[in-house]
Novice: 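Before I ask anything, here is the structure I am working with.
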Amino acid sequence: MANQNSDAVLSQFTQAVEKEAIDASKKLRVGIIGTGGIAHAHMASYLKMPDVELVAAAEIIPGRAEAFFEEFGVKGVHIYADYKEMLDREQLDAVSVCTYNRQHACCTIAALEHGVHVLLEKPMCVTLDEAVEMRRAEKKSGKVLSIGFQPRFDENMQMIKRIVESGALGKVYYIQTGGGRRRGIPCATKTSFIMDETAGIGALADIGCYSLDMVLNAIGYPKPLTVTGYTSDYFGKNPKYTIPERAAVFSVDDFAAAFIRLEGDVILDFRIAWAMHVDTPGDTIIFGTEGALRIPSTDCWNGTVGGPMTLYHDVAGSHVQTVIPIVPRKDDLSNFDRKVRSFLDAVKNGTASPVPTSQIIYNQAIIDGICRSAKAGHELAIEIPED
C-alpha cells in the first residue's frame with residue numbers, strides 16, 4: 001500500500017475564505033427564550049457581535065433569567081415569565097430558542113407567527129409532525145429559521161463535504177457513522193435532558209442529530225425512505241452508572257442504532273450512545289465506487305473530527321492512502337460563534353437560512369423513524385407530509 005500526502009491531491013479540496021466586515025450601524029434586537037445551560041453559549045456569542053442588542057428574555061423558572069444576565073453583566077433587559085407575552089410586547093428582530101426539546105416547536109412557531117427570525121437549538125424538535133408544522137410556519141412567515149448545528153461550521157466538517165462533492169469517492173453507496181461517550185449521560189445537575197416530559201428523546205437527539213448531519217450534509221441530504229431502529233436505556237436507569245436519583249426518573253434513550261435506506265440507493269448504518277462499555281462505536285466510513293473516506297471518531301462525541309482523515313483510492317493501479325490533515329481554524333471565532341454569525345447575516349441580508357429546515361426535516365424524520373421503529377420492532381417506511 002502506498003501512502004500519498006501530495007499537495008496536488010489535497011489542493012482540490014481547499015477553499016479560500018474571505019472575512020467580511022460587520023456593519024454595526026443597525027443593531028438587531030434579540031431576545032432569548034429559555035436561559036438554561038445552552039443559552040449561556042448563545043449569550044457569549046451574541047456579546048461578541050457588534051450589531052446585536054440583547055433586549056428581552058423569557059424564562060419559566062423564577063430568578064434564573066435575572067441571575068443569567070447578572071452573570072454576563074448585561075443590564076436593562078426585559079424579563080418575562082411567558083414567551084408569548086415577550087413576543088407580544090417586544091419589538092424583536094430575532095430570538096434564540098434555548099428551551100428543552102419538547103418546547104422547541106411551540107416557541108419557534110409562535111416567534112415566526114410574530115414575524116421574528118429564529119435561531120433554534122438542536123434538535124429541531126421531538127416528532128416529525130412538529131417539524132412539518134414548523135416548516136409551514138416558517139414558509140408562511142417568510143422569516144429565517146436556522147437550526148443550531150454548529151459542527152457545520154467546522155473547517156474539517158466542511159472538508160468532508162468538499163471531498164464528497166469533488167467526486168473523489170465516486171458514487172457513495174454505504175455509510176457507517178455514529179459516535180458516543182463511554183460515560184456521558186448529561187444529568188449531573190439537571191433532569192431536563194433525561195426525562196421524557198421535557199426532552200422527549202435522549203442521546204439520539206442530543207448528539208445523534210450531529211452525527212446524522214455530518215454525513216447527510218456531505219452527500220447532499222437525500223430523502224430517507226425506510227428505517228429499522230433500536231433504542232435502549234440500560235445505563236441511564238441503572239444507579240451503578242448514573243446518579244441514583246437521576247436513574248429513578250430517567251425516561252429517554254441512552255443508546256440508539258439504525259439501518260436507514262436513503263434515496264439514491266445509499267445505505268446508512270448508524271449508532272449513537274451516551275454511555276457504553278467501549279471508548280467509541282467506530283469511525284465514520286463513507287464508501288464510494290471510486291474511493292472511501294475514513295473519519296476518525298472521538299472518545300467523547302460532540303460533533304468534531306477525531307484526527308486526520310484518510311482517503312483510500314487507486315492511482316495508476318496502486319492502492320493509495322491520502323492523509324487529509326486537520327484544517328486549522330482561520331480566525332478567533334468558535335464554531336458556535338460562526339453559527340450565530342451566519343444566522344445574523346442571513347437575517348440582515350435577507351439570504352437563505354444557513355442550516356435550513358428543508359434539510360433538517362430529513363434529519364428529524366430519521367430520528368422520529370428510529371423511535372417509531374424501535375417501538376414497533378420492525379422496519380418502517382418514512383413518510384414526510386407535504387409542507
Novice: Would you please test Gln150 and Tyr210 for side chain to side chain donor-acceptor pair (under 3.5 Å) and show each step?
Specialist: CA-CA 9 Å; Gln150 64 268 12; Tyr210 284 156; 2.9 Å; yes
Novice: Can you measure from CD1 (Ile219) to OH (Tyr173) and round to the nearest 0.5 angstrom?
Specialist: 13.5 Å
Novice: Any heavy-atom pair between the side chains of Lys330 and Glu155 that's under 4.5 Å?
Specialist: yes
Novice: Are the ring centres of Phe69 and His78 closer than 6.0 Å?
Specialist: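 No.
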Novice: Search all heavy atoms of Val266 against all heavy atoms of Glu263 and return the closest pair with its distance.
Specialist: CG2-O, 4.1 Å
Novice: For Leu293 versus Leu169, what's the shortest heavy-atom pair and its separation?
Specialist: N-CD2, 4.0 Å
Novice: Taking the basic N atoms (NZ, or NE/NH1/NH2) and the acidic carboxylate oxygens, is any pair closer than 4.0 Å for Arg338 and Asp331?
Specialist: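 Asp331 and Arg338: salt-bridged.
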Novice: For Arg29, which residues count as a side-chain hydrogen bond (donor to acceptor under 3.5 Å, both in side chains) partner, sequence neighbours excluded?
Specialist: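 Applying side-chain hydrogen bond (donor to acceptor under 3.5 Å, both in side chains) to Arg29 gives none.
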Novice: Check whether Asp368 reaches the backbone of Ala365 with its side chain - one donor and one acceptor, N or O, closer than 3.5 Å.
Specialist: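 No, Asp368 side chain to Ala365 backbone: no donor-acceptor pair under 3.5 Å.
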Novice: Could you tell me which residues satisfy side-chain hydrogen bond (donor to acceptor under 3.5 Å, both in side chains) with His104, sequence neighbours excluded, listed by chain and number?
Specialist: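 Per chain and number, His104 pairs via side-chain hydrogen bond (donor to acceptor under 3.5 Å, both in side chains) with no residue.
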Novice: Any ion pair linking Asp213 and Arg152 (charged N to carboxylate O, less than 4.0 Å)?
Specialist: yes
Novice: Can you tell me how far CG of Asp337 sits from NZ of Lys48, rounded to the nearest 0.5 angstrom?
Specialist: 3.5 Å
Novice: Measuring only between side-chain heavy atoms, which start at C-beta, is Ile79 closer than 4.5 Å to Glu66?
Specialist: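 Side-chain contact under 4.5 Å: yes.
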Novice: Taking C-beta and beyond as the side chain, do Leu344 and Ile22 meet within less than 4.5 Å on heavy atoms?
Specialist: no
Novice: Is any side-chain heavy atom of Ile160 closer than 4.5 Å to one of Ile295?
Specialist: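 Of all side-chain heavy-atom pairs linking Ile160 with Ile295, at least one is under 4.5 Å.
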Novice: Distance under 6.0 Å and angle within 45° of the ring axis: does Lys339 meet both against Phe149?
Specialist: no
Novice: Just by distance, do the side chain of Asp254 and the backbone of Gly236 share a donor-acceptor pair under 3.5 Å?
Specialist: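 The answer is yes, because a donor-acceptor pair under 3.5 Å joins these two groups.
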Novice: Looking at Phe72, I'd like to know if its CZ atom is crowded, meaning that more than 12 non-hydrogen atoms belonging to other residues, nucleotides or ligands lie closer than 6.0 Å.
Specialist: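 Result for CZ/Phe72: enclosed.
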Novice: Do NZ/NE/NH1/NH2 and the carboxylate oxygens of Asp23 and Lys348 come within less than 4.0 Å?
Specialist: no
Novice: Side chains of Asp265 and Lys171, heavy atoms from C-beta outward: is any pair under 4.5 Å?
Specialist: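 Yes - at least one pair of side-chain heavy atoms lies under 4.5 Å apart.
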Novice: Is it the case that the side chain of His117 and the backbone of Val144 share a donor-acceptor pair, with hydrogens and angles ignored and the cut-off at 3.5 Å?
Specialist: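 Yes, because the side chain of His117 sits within donor-acceptor range (under 3.5 Å) of the backbone of Val144.
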Novice: Could you walk me through whether Phe343 and His42 pass ring-ring contact (aromatic ring centres under 6.0 Å, His included), step by step?
Specialist: CA-CA 12 Å; Phe343 167 68; His42 283 252; 9.1 Å; no
Novice: What verdict does the side-chain contact (heavy atoms from CB on, under 4.5 Å) test give for Asn363 and Tyr221, after you've listed the backbone C-alpha separation in whole Å, the side-chain angles of each residue and the deciding distance to 0.1 Å?
Specialist: CA-CA 9 Å; Asn363 189 298; Tyr221 254 101; 3.3 Å; yes
Novice: Which atom names give the shortest non-hydrogen contact between Ile207 and Ala273, and what distance separates them?
Specialist: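 Where Ile207 meets Ala273 most closely, the heavy atoms are CD1-O, 3.6 Å.
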Novice: Side-chain contact, heavy-atom cut-off 4.5 Å: Val30 with Glu53?
Specialist: no
Novice: Only counting residues at least two apart or in another chain, list the ones meeting side-chain hydrogen bond (donor to acceptor under 3.5 Å, both in side chains) with Ser146.
Specialist: none
Novice: For side chain to side chain donor-acceptor pair (under 3.5 Å), just list the numbers for Asp345 and Ser342, CA-CA rounded to whole Å, side-chain angles, deciding distance to a tenth of an Å, and then say yes or no.
Specialist: CA-CA 5 Å; Asp345 288 343; Ser342 69; over 6 Å; no
Novice: Indicate whether the side chain of Asp269 and that of Tyr174 have a donor and an acceptor atom separated by less than 3.5 Å.
Specialist: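 The criterion, which ignores hydrogens and geometry beyond distance, is satisfied for Tyr174 and Asp269.
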Novice: For the side chain of Ser318 and the backbone of Val320, is there at least one donor-acceptor N/O pair under 3.5 Å apart?
Specialist: no
Novice: For atom CZ of Arg183, is the number of surrounding heavy atoms from other residues, nucleotides or ligands below 6.0 Å larger than 12?
Specialist: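 Yes, CZ of Arg183 has more than 12 neighbouring heavy atoms, counting only those of other groups under 6.0 Å.
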Novice: Indicate yes or no for a side-chain donor-acceptor contact from Asn335 to the backbone of Pro151 under 3.5 Å, with no hydrogens or angles considered.
Specialist: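 Absent.
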Novice: Do Asp154 side-chain atoms and Met157 backbone N/O form a donor-acceptor pair below 3.5 Å?
Specialist: yes
Novice: Would the number of heavy atoms belonging to other residues, nucleotides or ligands and lying under 6.0 Å from NZ of Lys161 be above 12?
Specialist: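 Buried by this count: over 12 neighbours within 6.0 Å.
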Novice: Do the non-hydrogen side-chain atoms of Ser96 and Ile33 ever get within less than 4.5 Å of each other?
Specialist: no
Novice: CD of Glu71 to CZ of Arg64: how many Å apart, nearest 0.5 Å?
Specialist: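 Output value for this atom pair is 12.0 Å.
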Novice: Using atom types as modelled and distance alone, determine if a side-chain donor or acceptor of Lys122 lies under 3.5 Å from a backbone N or O of Ala205.
Specialist: no
Novice: Would you tell me whether Glu59 and Tyr80 have side-chain atoms, one donor and one acceptor, within less than 3.5 Å of each other?
Specialist: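 No pair is found: no donor N or O on one side chain lies under 3.5 Å from an acceptor on the other.
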Novice: Name the atoms and distances for all side-chain donor-acceptor pairs under 3.5 Å in residues 224-231, with sequence neighbours left out.
Specialist:
{"unit_1": "Thr226", "atom_1": "OG1", "unit_2": "Glu379", "atom_2": "OE2", "d": "3.2"}

Novice: In Å, rounded to the nearest 0.5 Å, how long is the span from OG of Ser251 to CG of Asp233?
Specialist: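 Ser251 OG to Asp233 CG: 9.0 Å, rounded to 0.5 Å.
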Novice: Is it true that a side-chain atom of Lys27 and a backbone atom of Pro50 form a donor plus acceptor pair closer than 3.5 Å?
Specialist: yes
Novice: Look at the side chain of Arg294 and the backbone N and O of Leu311, then say whether any donor-acceptor pair between them is shorter than 3.5 Å.
Specialist: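 No; zero donor-acceptor contacts below 3.5 Å.
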Novice: Is any side-chain heavy atom of Leu204 less than 4.5 Å from a side-chain heavy atom of Phe270?
Specialist: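 Side-chain contact under 4.5 Å: yes.
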Novice: Look at the rings of Trp274 and Phe250 and say which category their plane angle falls in: under 30° parallel, 30 to 60° tilted, over 60° perpendicular.
Specialist: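 Geometry flag for Phe250 against Trp274: perpendicular rings.
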Novice: Please check if Val215 and Phe153 belong to a single hydrophobic cluster, counting links between Ile, Leu, Val, Met, Phe, Trp and Tyr side chain heavy atoms closer than 4.5 Å.
Specialist: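 Same hydrophobic cluster.
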Novice: Identify all side-chain donor-acceptor contacts of residues 194-201 below 3.5 Å with residues at least two apart in sequence or on another chain.
Specialist:
{"unit_1": "Asp196", "atom_1": "OD1", "unit_2": "Arg102", "atom_2": "NH2", "d": "3.1"}
{"unit_1": "Thr198", "atom_1": "OG1", "unit_2": "Ser192", "atom_2": "O", "d": "2.9"}
{"unit_1": "Thr198", "atom_1": "OG1", "unit_2": "Met195", "atom_2": "O", "d": "3.2"}

Novice: Answer yes or no: does atom CD of Glu245 have more than 12 heavy-atom neighbours from other residues, nucleotides or ligands under 6.0 Å?
Specialist: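 Correct, the count exceeds 12.
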Novice: Whether the side chain of Ser232 engages the backbone of Tyr234 through a donor-acceptor N/O pair (distance < 3.5 Å, no angle test) should be reported.
Specialist: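 Checking the backbone N and O of Tyr234 against the side chain of Ser232, no donor-acceptor pair under 3.5 Å is found.
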Novice: Anything under 3.5 Å between a donor and an acceptor, one on a side chain of residues 130-138, the other on a protein residue two or more places apart or in another chain? List them.
Specialist:
{"unit_1": "Glu130", "atom_1": "OE1", "unit_2": "Val126", "atom_2": "N", "d": "2.9"}
{"unit_1": "Glu130", "atom_1": "OE1", "unit_2": "Thr127", "atom_2": "N", "d": "3.1"}
{"unit_1": "Glu133", "atom_1": "OE2", "unit_2": "Arg136", "atom_2": "NH1", "d": "2.8"}
{"unit_1": "Arg135", "atom_1": "NE", "unit_2": "Asp387", "atom_2": "OD2", "d": "2.8"}
{"unit_1": "Arg135", "atom_1": "NH1", "unit_2": "Thr357", "atom_2": "OG1", "d": "3.0"}
{"unit_1": "Arg135", "atom_1": "NH2", "unit_2": "Asp387", "atom_2": "OD2", "d": "3.2"}
{"unit_1": "Arg136", "atom_1": "NH2", "unit_2": "Glu386", "atom_2": "O", "d": "2.8"}
{"unit_1": "Glu138", "atom_1": "OE1", "unit_2": "Thr357", "atom_2": "OG1", "d": "2.5"}

Novice: Kindly give the heavy-atom pair with the smallest separation between Val118 and Val116, and that separation in Å.
Specialist: CG2-O, 3.6 Å
Novice: Enter the distance from Phe287:CZ to Ile175:CD1 here, rounded to the nearest 0.5 Å.
Specialist: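 These two atoms lie 10.5 Å from each other.
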Novice: Rounded to the nearest 0.5 Å, how far does CD1 of Ile267 lie from CD1 of Ile260?
Specialist: 9.5 Å
Novice: Show your working on ring-ring contact (aromatic ring centres under 6.0 Å, His included) between His277 and Phe235 and close with a plain yes or no.
Specialist: CA-CA 10 Å; His277 285 305; Phe235 287 79; 5.1 Å; yes
